[in-house]
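The structure displayed is predicted, hence computed values, not measured ones. Letters A, B, ... mirror the listed sequences (proteins, then strands); counts begin at 1.
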Amino acid sequence: MDLNYSQDESAFRDEVRGWIKQNLPQDLREKIANYDELGREDLLRWHKILAKKGWVAPAWPKDFGGNDWNVVQRYIFEEECGFAGTPPLIPFGLSMCGPVILRFGTPEQKKRFLPGIYNGDVFWCQGYSEPGSGSDLASLKTKAERQGDHYVVNGQKIWTTLGHIADWIFCLVRTDSTLSKRQEGISFLLIDMKTPGITVRPLILMDGGHEVNEVFFDNVKVPAENLIFEEGKGWTVAKYLLGHERMNTGRIGASKRELAKLKEFAAKQTGDDGKPLIEDSRFRDKLTRVEVELMALEITNLRFLDQMRRSGQPPGADVSMLKIKGTEIQQALTELSMQAVGPMAQPFKSVANDPDFDEFTAGLAPRYCNFRKTTIYAGSNEIQRNIISKMTLGL
Amino acid sequence: MDLNYSQDESAFRDEVRGWIKQNLPQDLREKIANYDELGREDLLRWHKILAKKGWVAPAWPKDFGGNDWNVVQRYIFEEECGFAGTPPLIPFGLSMCGPVILRFGTPEQKKRFLPGIYNGDVFWCQGYSEPGSGSDLASLKTKAERQGDHYVVNGQKIWTTLGHIADWIFCLVRTDSTLSKRQEGISFLLIDMKTPGITVRPLILMDGGHEVNEVFFDNVKVPAENLIFEEGKGWTVAKYLLGHERMNTGRIGASKRELAKLKEFAAKQTGDDGKPLIEDSRFRDKLTRVEVELMALEITNLRFLDQMRRSGQPPGADVSMLKIKGTEIQQALTELSMQAVGPMAQPFKSVANDPDFDEFTAGLAPRYCNFRKTTIYAGSNEIQRNIISKMTLGL
Amino acid sequence: MNFDYNEEQQLLADSVRRFLAKDYGFEARKKIVASKDGWSPAVWAQLAEMGLMGLPFSPDHGGFGGGAVDLMGVMEAAGDAMLVEPYLATVGLGAQFVARAGSDAQKKAILPAVVEGKLKMAFAHTEKGSRYNLSKVAAQAKKAGSGWEISGEKFVVLGAPSADTFVVSANTDKGLSLFLVKKESAKVKAYVTLDEQRAGDVSFSKAPGEMLGAEGGALPVIEEVMDFATALICAEAVGAMKFACDTTLEYLKTRKQFGVTIGTFQALQHRMVDMFVSYEQAKSMACLAASKFDSATDAKDRARSISAAKIKIADNCRHISQEAIQLHGGMGMTDEMKVSHTFKRLTMIAQQFGDAEHHLARFAKLS
Amino acid sequence: MNFDYNEEQQLLADSVRRFLAKDYGFEARKKIVASKDGWSPAVWAQLAEMGLMGLPFSPDHGGFGGGAVDLMGVMEAAGDAMLVEPYLATVGLGAQFVARAGSDAQKKAILPAVVEGKLKMAFAHTEKGSRYNLSKVAAQAKKAGSGWEISGEKFVVLGAPSADTFVVSANTDKGLSLFLVKKESAKVKAYVTLDEQRAGDVSFSKAPGEMLGAEGGALPVIEEVMDFATALICAEAVGAMKFACDTTLEYLKTRKQFGVTIGTFQALQHRMVDMFVSYEQAKSMACLAASKFDSATDAKDRARSISAAKIKIADNCRHISQEAIQLHGGMGMTDEMKVSHTFKRLTMIAQQFGDAEHHLARFAKLS
């Protein structure tokens with residue numbers, strides 16, 4: 001048993017760390033550190049820097065720009081990005097639509113779509129959830145009717161992250177409503193967001209942020225060549241996508257950065273007794289318990305990786321555990337950050353755009369609010385428990 | 001709004017408190033304080049003292065020795081007993097079998113059984129649960145077959161509290177197995193424990209204590225006159241019994257006593273820093289949160305009583321809430337007591353009956369173990385949540 | 001022993017609820033919050049009209065002589081509707097200092113105006129780095145002629161942007177004291193709070209002030225008024241929790257997934273039950289806080305009960321608000337749903353006037 | 001990076017498991033526990049035979065030179081079977097002091113005998129009122145001729161009734177020191193512990209002792225050995241937790257109520273999932289504890305990791321043990337079921353060598 005990285009792995013980590021240090025633009029670094037909202041350009045800028053380096057899609061085949069990193073290297077890369085605080089790589093193109101096209105796409109589709117995804121020229125979003133279909137995805141109703149050489153799409157998607165800045169959307173749509181098994185008759189369609197009939201309506205979250213949207217389809221004409229795989233086999237595609245390997249479910253690198261930051265600023269806060277807050281055992285013990293949980297999760301994650309590497313098997317329901325614990329830790333960190341500033345957590349927005357207004361401190365409580373989403377999105381933690389219960393425990 | 005007792009209620013409380021102080025034998029008081037096991041004689045001694053005073057069965061009709069206490073007075077009485085630390089009144093006769101006979105019994109049955117229950121001459125136990133029927137009581141299998149003027153009982157009961165010292169047992173038995181609805185065909189039978197064919201096997205709990213038993217019935221002949229209510233209507237009787245008003249579900253008086261005791265001895269324990277443990281905020285805050293929860297529960301209980309008194313309605317699923325919170329508090333108190341003594345929680349039993357062996361301290365961890373039962377017995381807390389979910393919330 | 005509101009209390013609570021249901025629905029409130037000042041003078045006038053401003057003040061000044069218990073029903077209704085008008089700042093804090101520590105002349109000058117809804121107040125006390133410690137004040141007051149000059153910076157002053165008169169804490173040679181300062185002498189940097197109220201940082205630079213109460217004797221009064229305000233937000237929390245529980249239960253009964261309402265899933269049922277138990281326990285402690293504030297025999301007895309209540313309220317605010325969002329799923333995250341606003345208010349109440357840890361420390365000290 | 005046991009470790013763990021499965025089943029263990037001395041010399045001999053006594057000692061003294069990681073598999077197996085023999089007392093505590101602080105002569109005199117299973121030891125350190133504070137010792141040692149005389153009272157000395165030689169902590173003029181004392185010079189009041197091991201209170205009255213290590217230099221050694229023993233019980237806890245989870249899952253799959261297995265109830269499913277997540281997290285920290293003990297660069301780094309591990313182990317011991325009983329219902333309460341014994345061992349491990357609060361304080365101090 002050796003909890004440390006091998007010499008090669010350490011060298012790889014140092015290489016990644018050093019490269020990020022050199023190549024992450026200072027203004028992006030600061031935006032992340034200040035919890036500023038990142039726009040399309042911010043996101044794509046970092047995407048392009050990585051694409052140029054050839055590090056943007058490690059799991060893709062070499063021919064399409066991937067590299068031969070093993071699971072541990074991929075984990076190291078993602079954790080280093082998280083720990084350094086780079087902009088996130090938006091997953092919809094790179095780790096969702098791209099892999100689907102690689103697996104199911106025709107040569108023409110690959111040629112047409114993959115370069116734009118890889119290079120960050122085309123911004124993708126995901127059209128899965130619908131108002132009536134959240135956890136129960138197979139109940140989706142958005143309809144696509146074949147009419148000659150195109151489909152006519154009608155319906156509504158919801159929770160479309162970054163839909164307002166996306167160029168394309170990949171959708172699950174119902175192409176046949178007559179079948180008794182709900183998983184059948186679903187197809188996987190790529191749709192240009194500029195197509196007439198598409199309306200994007202912002203869904204503002206409680207922290208005031210605009211991340212997600214409703215997308216309405218009103219007689220949207222989609223060329224039939226945008227169908228991925230066979231008509232009616234969309235569920236197969238969706239299942240492949242869900243099972244697609246993700247390394248950073250636990251977001252351990254990012255949480256380590258947040259923890260370090262929290263410790264630093266808790267040391268600068270004054271406790272009720274006039275001493276640094278971090279020396280107050282009441283606060284400190286809550287922090288320690290999160291820190292310990294995070295230490296444990298990092299090792300748990302490495303244990304799973306070690307198993308994967310050795311067995312060559314994709315991760316199973318283990319990923320669900322990382323999701324549950326990882327999001328609980330993220331939430332605990334945002335909550336402690338908010339609590340650390342005590343009464344100063346209340347201010348939210350300056351009325352007269354006061355330049356002295358402490359935006360960072362004012363951002364802590366909204367961030368806590370925003371992070372409540374983490375236990376809801378990407379398969380709520382209740383769904384994750386159902387998965388472990390069924391798949392791992394056999395209940 | 002007035003959280004305090006009225007003048008009359010206060011006077012009543014003082015009367016009860018004063019009387020208990022005068023009449024609770026010192027040796028019993030000490031046994032309770034030291035967490036000693038109480039035997040049949042200990043239990044019956046206090047029962048008889050109360051019976052003589054006319055306070056042993058307040059809810060019974062006056063003709064049978066009850067008194068006119070309203071729900072608040074009954075609560076006060078029970079809480080004063082709990083707070084003073086009297087032996088418990090074993091409920092099987094007084095608040096289970098007695099009320100059933102009062103409601104469903106024939107005049108002969110009343111005459112025959114009630115005086116013994118009231119005076120504490122006859123010790124009762126309860127034959128409800130079976131190995132296959134815990135939370136799902138209606139699945140019980142113990143069979144009673146009518147043969148002439150008696151029933152022949154075969155089967156097994158489990159978790160029979162104090163069955164090893166009981167004179168009589170009241171049982172739910174199946175008198176008809178042919179009916180499709182499981183709740184039908186069940187009858188309520190009184191059985192003399194001395195009847196041939198009854199075997200009592202101790203079930204030792206993990207703290208080494210003998211409280212519960214298995215009771216086996218092997219062709220046990222029970223006179224038909226011991227049937228309560230109609231044959232096949234036992235479920236009606238059982239439901240009446242379950243709905244029977246209980247005031248002290250939360251056991252608030254007893255928990256207040258335990259809390260006071262814990263505070264007192266935590267003040268005498270030394271913390272890691274050499275100061276009294278109770279001044280250690282890490283320990284103290286855990287204690288405070290239990291204390292606050294108990295304060296809240298007391299008021300919640302009084303709020304429910306106030307409602308009951310005003311509406312004249314029996315308590316509904318509210319009782320389930322008192323059970324859940326009351327038992328959680330009891331468990332937290334036993335756990336804190338064990339933690340308070342630190343490494344001294346380990347010793348359990350002296351090998352050579354060393355007279356210096358600190359039995360009190362050694363009893364704390366077993367008590368913690370024993371109290372795990374509280375969230376399991378009398379309708380597990382999971383069942384209580386099901387009840388609230390269905391009855392109060394309509395889910 | 002009696003846990004009902006008396007007839008007067010019940011009538012008042014009912015009429016406040018009726019008014020808020022009619023004129024302060026979620027959509028109406030949204031407009032008020034989005035307005036320039038973030039509160040509605042019309043609503044304010046209506047609240048005054050209903051007698052709410054005078055409720056806890058002496059009849060000598062036009063009030064009704066009520067206590068904390070008399071305000072409970074009102075605060076519960078305010079918690080349900082999430083009232084953003086500076087009621088707590090004026091009636092729960094600012095004017096309480098005048099009523100409890102002011103001279104007859106000060107009372108006469110201020111309280112009738114408050115009762116009529118013509119004067120709004122705020123308590124400028126918290127400073128940077130004081131956290132929840134009530135005794136830590138750096139602001140200074142110097143004698144200047146017959147009055148005082150106050151200098152210092154105060155943070156997160158609730159209701160500051162709308163206040164006509166501030167109660168300000170500052171040190172003299174004799175210790176912590178209180179002063180009345182007019183808005184003209186205060187510089188307010190206004191902001192919206194997370195829970196959509198208006199507050200501000202307030203600085204005073206040799207601001208003319210009038211002493212309120214005994215010089216150097218402010219701390220016990222501050223503790224008392226903060227306990228009063230804490231009892232009020234405990235009741236407000238109960239109203240907000242009740243809404244959160246009810247609306248979540250409603251959601252569980254209507255939202256369908258996998259062909260059934262999600263309220264049929266046992267794991268969610270048990271969590272919903274725990275929310276309701278949390279609510280009942282919190283409600284009990286809010287009753288304790290208000291009634292002990294009115295009836296406690298001494299300051300220690302009062303403070304101990306208030307801190308106990310705030311511990312439970314803070315813990316259960318977290319529990320109920322977090323579960324309400326989680327059980328709503330994505331919808332609960334959106335600005336469109338009232339429950340997300342209730343979440344924010346409950347989150348702030350958990351920390352307002354001291355978080356659980358602050359009150360755990362205070363409780364231990366008082367025991 | 002590698003989380004597997006190496007071949008030797010795996011082989012040893014497997015053979016221990018095989019032996020315990022065969023000769024140390026629940027019924028066999030019950031008989032051992034009920035026996036006069038509460039442990040089995042035959043089992044002890046077998047453990048020595050398998051090389052377990054020598055595992056963490058130098059080949060110079062007949063051992064295998066292993067570290068904490070080498071012991072993990074053994075301790076997990078011991079946790080599963082709930083071994084009551086004084087293995088931890090001898091190999092994890094007593095003899096560790098000799099190996100780490102003893103002179104060559106002392107090592108030669110003691111370690112080979114330990115390795116062969118001929119000598120059992122115990123660490124007599126805790127005193128009344130010292131709680132988990134390792135530096136608080138009242139026992140005294142006075143020079144007497146070429147040796148020392150030790151006087152003092154020690155409590156809850158694990159393995160005391162079976163110990164041939166005690167390692168005793170006591171103060172000299174130069175501070176906290178360690179001594180070897182023979183059983184003949186110790187007065188032991190023996191008892192059974194909650195988790196069915198044997199321990200005792202031990203008093204020394206001018207007992208002849210031989211100094212072990214540097215006079216006044218005991219504290220760092222005590223900290224080190226206690227960290228070693230803590231790493232061991234973390235691994236033991238993992239073995240016990242695994243059993244508790246597995247047997248509870250099995251129960252959920254077989255116990256029927258309302259016509260279905262209770263494992264079909266979603267509320268119970270989610271709780272079972274949380275138990276397994278707890279187990280995995282605890283296991284990760286046990287790995288950290290053992291491997292950091294073996295590889296830490298300094299005492300602070302080591303201590304910090306061990307305390308972090310013990311915090312998690314303590315919390316998750318409570319979680320898993322309590323849920324295991326609750327999900328078993330009444331059956332879990334009975335002495336007849338192995339899980340109730342596992343509950344007791346997990347309960348004790350949570351507090352042994354410092355509860356969560358102790359290690360939270362230590363972790364904060366070391367950060």
The side-chain contact (heavy atoms from CB on, under 4.5 Å) partners of B:A365 (sequence neighbours excluded) come to B:M338, D:L194, D:M348

Do B:C369 and D:F343 have side chains that get closer than 4.5 Å, going by heavy atoms? yes

Side chains of D:I325 and B:M206, heavy atoms from C-beta outward: is any pair under 4.5 Å? yes

Pairs of donor and acceptor atoms under 3.5 Å between chain D and chain B, please, with atom names and distances.
from, atom 1, to, atom 2, distance (Å)
D:R131, NH1, B:A340, O, 2.6
D:R131, NH2, B:Q339, O, 2.9
D:Y132, N, B:D272, OD1, 3.0
D:N133, ND2, B:D272, O, 2.8
D:K189, NZ, B:D356, OD2, 2.8
D:A190, O, B:V351, N, 3.0
D:V192, N, B:K349, O, 2.8
D:V192, O, B:F348, N, 2.7
D:V192, O, B:K349, N, 3.1
D:L194, N, B:Q346, O, 2.8
D:R255, NH1, B:P131, O, 2.6
D:Q257, OE1, B:G134, N, 3.0
D:Q257, OE1, B:S135, N, 2.8
D:Q257, OE1, B:D136, N, 2.7
D:Q257, NE2, B:G132, O, 2.8
D:F258, N, B:D136, OD2, 2.7
D:R271, NH1, B:E382, OE2, 2.7
D:R271, NH2, B:E382, OE2, 3.1
D:R318, NE, B:E335, OE2, 2.5
D:R318, NH2, B:E335, OE1, 3.2
D:R318, NH2, B:E335, OE2, 3.4
D:Q322, NE2, B:E335, OE1, 3.3
D:Q322, NE2, B:E335, OE2, 3.4
D:Q322, NE2, B:Y368, OH, 2.8
D:Q326, OE1, B:T375, OG1, 2.5
D:Q326, NE2, B:T375, O, 2.9
D:Q326, NE2, B:E382, OE1, 3.0
D:Q326, NE2, B:E382, OE2, 3.3
D:M333, O, B:M206, N, 2.8
D:D335, N, B:I204, O, 2.8
D:E336, OE2, B:R201, NH2, 2.8
D:K344, NZ, B:M206, O, 2.8
D:Q351, NE2, B:G342, O, 3.1
D:E357, OE1, B:K286, NZ, 3.4
D:E357, OE2, B:K286, NZ, 3.3
D:H358, ND1, B:D272, OD2, 2.6

Non-hydrogen atoms of chain B under 4.5 Å away: do they reach the side chain of [X], the backbone, both or neither?
X	value
D:A350	neither
D:L360	both
D:M331	both

Segment of B:V341 engaging chain D (4.5 angstrom heavy-atom cut-off): backbone

Looking only at D:G332, D:A190, D:A199, the option with the highest number of non-hydrogen pairs under 4.5 Å against chain B is D:A190

